[in-house]
Amino acid sequence: MKKVLIANRGEIAVRVIRACASYGLESVAVYSDTDADAQHVRLADSAYCLEGRTALETYLDQEKILAAAQASGADAIHPGYGFLSERAEFAQAVEDAGLTWIGPTPENIALLGDKVAARQIAQKVGAPLVPGTPGPVAGVDEVRAFADEHGYPIAIKASFGGGGRGLKVVYKAEELERRFESAVSEAISAFGRGECYVERFVDRPRHVETQILGDGKGRVVVCGTRDCSLQRRHQKVLEEAPAPFLTDDQFNRLVAASRAIGEAVNYRGVGTCEFMLGSDGLLSFLEVNTRIQVEHPITERTTGLDLVIWQFKVAEGQGIDELPDVVPSHGHAIEFRINAEDPGRNFLPQSGHMSRFDVPGGPFTRVDAGVGAEGTIYPDFDSMIAKIIVWGNDRDESIAHGRQAMKECVIEGIPTLVPFHRRVLLEPGFAAQTPEDFTIHTNWIETECDWLEELAQPMPAGVHADDIVREWFEVDGKWIRLGFPVSLLGSGGGAPVAKKGTAEAAQAGLTAAMNGILSKWAVASGDTVEAGQNVGTLEAMKMEMPVLADRGGVFEPLVAEGSTVKEGQPICTIA
């Protein structure tokens, strides 16, 4: 390989560009219209515009990606994570074009990307499994029959997907039909296929995983474990390596199952085997992610491996004989996902312009960022701004370094997860020193985190972030920055400044609860709806939110399906 096109954006594109430089490869970036001045575009050796704004028009258009590779003279493609990274047909198209695909084989992706087939492989090699349907279900009646046999809660999962998309948990029978329809709809939207299967849902589980690396010739090594239990909406917000408080037996079973699954398919490149670990010690295989993971830096920090460069080596046909079957871990690392979300308002995705980004530093801190100060987060794409990784000789030291890093990290202009990370590091159930005291599980945020409202910073009615003025003040010898509505300043003659459109918005009916895309209307113009009825769906950054009628009446849309909307914007009337 000599020149690598990175079919991605944001921090993972920057990460791969840096690995190319270290390995002596030229890098080629691709970008949407909105990403023309993005960091990955500026850092790459060359860049090609994909001509479009949305993901579907750009990073998900394999023909445009292949055309950019041909135009640039690239001889290899690295997909990063997300977008086309787990599309077997794209991997095959890359190889058919005579290019090197830096990832698992198309056969690996097709086989393990089918969650039902992956379960069957896991079962064949003796990996631990919870009860589940043998294949995709034919409809909601089959889901109901499974629930009647095994009891609630159950998990409905997209057969072709990952990252929490198309995953719905059903706790009672009356929720089943709505959750099933939502899972199918989300799976179609995210992956182009709506097949779903069902598993018994393990309540209060930890999410633990292994990093695997295969040579494509039958040998697979395990590069440590990770714990990714701190999640919201089945999306990870913090990860650590190695997974804390595992018994020797649990660790050995994780390693043995992961190697056996990888060896069964002659796995090539890096991948992740994910498992659930119940509070009663029950271990169960979940899925294999056939790509580099968002959280790969904590494995790199604890093993000393550069996993992206190992992707390059394996893609070139090099072996992994120099690595042991299980790569030992040293110390402890934590990764904080810095997403543009408002944790005080149920982690609603945000978009907009960042006016400030103070990056933490120090000898034990790594920052992988795709956006710098004065950067913009767009609603068309994922909400991630950066990842902050800290390391310590042990878990306690790593947590201490994390507290300092979060103290140093300051972002202004849009809400982020930084306040959440600061607070969770003080939580006794997270900073525990014994397995009995460690209480974090995958739905801990939804069920046990009772301080999220403390993080909310409500604004007066009708006031938005753009209407806030921020000034510095000295209080008790410390400088603090306060924000207050511009209307309090008054205009030149002292008269208050009115917020335009507030009265109209109040009259308009329903408004958008977040920035995003009005992906579909569930009812038509002129339909009569009831209070509480789902009339549409808002989608932004891996999250779907139903639009519920606040009253009964006659529905009339104000925006078309597929329109980008801003929080607080009138979207429909119910007369």
> Do Val294 and Met384 come within less than 4.5 Å of each other through their side chains, counting heavy atoms only?
Replying inline: yes
> Among pairs that include at least one residue of residues 19-32, which meet salt bridge (Lys or Arg N to Asp or Glu O under 4.0 Å), considering only residues two or more places apart or in two chains?
Replying inline: Lys3-Glu26
>> According to ring-ring contact (aromatic ring centres under 6.0 Å, His included), does anything in residues 32-51 pair up with another residue at least two apart or in another chain? List the pairs.
In response: none
> In this structure, are over 12 heavy atoms from other groups packed under 6.0 Å from Glu51 atom CD?
Replying inline: no
> Per the side-chain contact (heavy atoms from CB on, under 4.5 Å) rule, which among Val94, Ile65, Ile77 passes with Leu84?
Replying inline: Ile65
> For Phe90, which residues count as a ring-ring contact (aromatic ring centres under 6.0 Å, His included) partner, sequence neighbours excluded?
Replying inline: Trp101
> Is the NZ or CZ atom of Arg233 positioned over Phe347's six-membered ring, under 6.0 angstrom from the centre and within 45° of the axis?
Replying inline: no
> What is the distance from atom CG of Leu5 to atom CG of Asn8, rounded to the nearest 0.5 Å?
Replying inline: 10.5 Å
>> Is there a side-chain contact between Val288 and Val265 in this structure, where contact means two heavy atoms from C-beta onward sitting under 4.5 Å apart?
In response: no
> So, does Thr416 use its side chain to make a donor-acceptor pair with the main chain of Ile338 at under 3.5 Å?
Replying inline: no
> Can you tell me how far NE2 of His207 sits from OG1 of Thr442, rounded to the nearest 0.5 angstrom?
Replying inline: 9.0 Å
>> For Ala340 versus Ile414, what's the shortest heavy-atom pair and its separation?
In response: CB-CD1, 3.8 Å
>> Restricting to ring-ring contact (aromatic ring centres under 6.0 Å, His included), what partner residues turn up for His401, sequence neighbours left out?
In response: Phe364
> So how far is it from Ile309 CD1 to Ser22 OG, rounded to the nearest 0.5 Å?
Replying inline: 5.0 Å
> Taking NZ, NE, NH1 and NH2 as the nitrogens, is one of them in Arg268 or Glu95 under 4.0 Å from a carboxylate oxygen of the other?
Replying inline: yes
>> Looking at every heavy atom in both Val308 and Ala19, which two are closest together, and how far apart are they?
In response: CG1-CB, 3.5 Å
> Can you list the steps and then say if Leu538 with Leu518 is a side chain to side chain contact (heavy atoms under 4.5 Å, CB included)?
Replying inline: CA-CA 5 Å; Leu538 275 173; Leu518 194 290; 4.0 Å; yes
> Taking all non-hydrogen atoms of both residues, which atom of Ile388 and which atom of Pro360 are closest, and how far apart?
Replying inline: CD1-CG, 3.7 Å
>> Has Asp342 got a side-chain atom pairing as donor or acceptor with Gly344's backbone, closer than 3.5 angstrom?
In response: yes
>> Among residues at least two apart in sequence or on other chains, which ones pass side-chain hydrogen bond (donor to acceptor under 3.5 Å, both in side chains) with Ser185?
In response: Lys520
>> By the ring-ring contact (aromatic ring centres under 6.0 Å, His included) test, which pairs, at least two apart or in different chains, include something from residues 290-318?
In response: Tyr23-Phe312
> Looking only at heavy atoms, what is the nearest atom pair of Met1 and Ala76, with distance?
Replying inline: SD-CB, 3.6 Å
>> The criterion is ring-ring contact (aromatic ring centres under 6.0 Å, His included); which residues satisfy it with His332, sequence neighbours excluded?
In response: none
>> side chain to side chain contact (heavy atoms under 4.5 Å, CB included) for Leu305 and Thr299? Distances and angles first, verdict last.
In response: CA-CA 8 Å; Leu305 301 177; Thr299 295; 5.9 Å; no
> Between Asp35 and Val41, what is the shortest heavy-atom contact and its length?
Replying inline: O-CG2, 3.3 Å
> Can you list the residues that meet the salt bridge (Lys or Arg N to Asp or Glu O under 4.0 Å) rule with Glu295, with sequence neighbours excluded?
Replying inline: Lys236, Arg337
> Among all residues two or more places apart in sequence or in another chain, which pass the salt bridge (Lys or Arg N to Asp or Glu O under 4.0 Å) test with Arg53?
Replying inline: Asp380
> Does Glu239 offer a backbone N or O that forms a donor-acceptor pair with the side chain of Glu335 under 3.5 Å?
Replying inline: no
> Could you go step by step and tell me if Val390 and Ser398 meet the side chain to side chain contact (heavy atoms under 4.5 Å, CB included) rule?
Replying inline: CA-CA 6 Å; Val390 296; Ser398 184; 3.9 Å; yes
> Is there side-chain contact between Ser32 and Tyr378, with heavy atoms separated by less than 4.5 Å?
Replying inline: no
> Should Lys168 and Glu186 be marked as a salt bridge (Lys or Arg N to Asp or Glu O under 4.0 Å) after you check the CA-CA gap, both sets of side-chain angles, and the distance that decides it?
Replying inline: CA-CA 10 Å; Lys168 302 296 173 183; Glu186 198 170 273; 3.3 Å; yes
> Which residues pass the ring-ring contact (aromatic ring centres under 6.0 Å, His included) test with Phe285, sequence neighbours left out?
Replying inline: Phe275
Let me have the donor-acceptor pairs involving side chains of residues 210-218, under 3.5 Å, with sequence neighbours excluded, atom names and distances please.
residue: Thr210; atom: OG1; partner: Ser258; partner atom: OG; Å: 2.6
residue: Gln211; atom: OE1; partner: Arg226; partner atom: NH1; Å: 2.9
residue: Gln211; atom: OE1; partner: Arg226; partner atom: NH2; Å: 3.4
residue: Gln211; atom: NE2; partner: Gly271; partner atom: O; Å: 2.9
residue: Asp215; atom: OD1; partner: Lys217; partner atom: N; Å: 2.7
residue: Asp215; atom: OD1; partner: Gly218; partner atom: N; Å: 3.4
residue: Asp215; atom: OD1; partner: Arg219; partner atom: N; Å: 3.1
residue: Lys217; atom: NZ; partner: Gly317; partner atom: O; Å: 3.3

>> Using a 3.5 Å distance criterion without hydrogens, assess whether the side chain of Lys115 forms a donor-acceptor pair with backbone atoms of Ala158.
In response: no
>> Would you compute the distance between atom CD1 of Ile17 and atom CD1 of Ile6 and round it to the nearest 0.5 angstrom?
In response: 4.5 Å
> Just how far is it from atom CG of Asp382 to atom CG of Asn339, taken to the nearest 0.5 Å?
Replying inline: 6.0 Å
>> Suppose the criterion is ring-ring contact (aromatic ring centres under 6.0 Å, His included): which pairs have a residue in residues 62-85, not counting sequence neighbours?
In response: Tyr59-Phe83
>> With a 4.5 Å cut-off on side-chain heavy atoms, are Pro79 and Arg291 touching?
In response: no
> Within a strict 4.5 Å, meaning less than it, do heavy atoms of the Asp37 and Tyr31 side chains meet?
Replying inline: no
> Do Val184 and Ile188 come within less than 4.5 Å of each other through their side chains, counting heavy atoms only?
Replying inline: yes
> Is there a side chain to side chain contact (heavy atoms under 4.5 Å, CB included) between Ile385 and Phe357 once you walk through the steps?
Replying inline: CA-CA 10 Å; Ile385 298 169; Phe357 183 9; 4.1 Å; yes
> Do you know the tightest heavy-atom contact between Ala93 and Leu66?
Replying inline: CB-CD1, 4.1 Å
> Within a strict 4.5 Å, meaning less than it, do heavy atoms of the Thr100 and Asp75 side chains meet?
Replying inline: no
> Below 4.0 angstrom, N of the basic side chain to O of the carboxylate: do Arg366 and Glu300 qualify?
Replying inline: yes
> How many angstroms lie between atom CD of Glu341 and atom CZ of Arg232, to the nearest 0.5 angstrom?
Replying inline: 4.0 Å
>> Less than 4.5 Å apart, side chain to side chain, heavy atoms only: is that true for Leu417 and Phe336?
In response: no
> Under 3.5 Å, is there a donor-acceptor pair between the side chain of Thr58 and the main chain of Leu50?
Replying inline: no
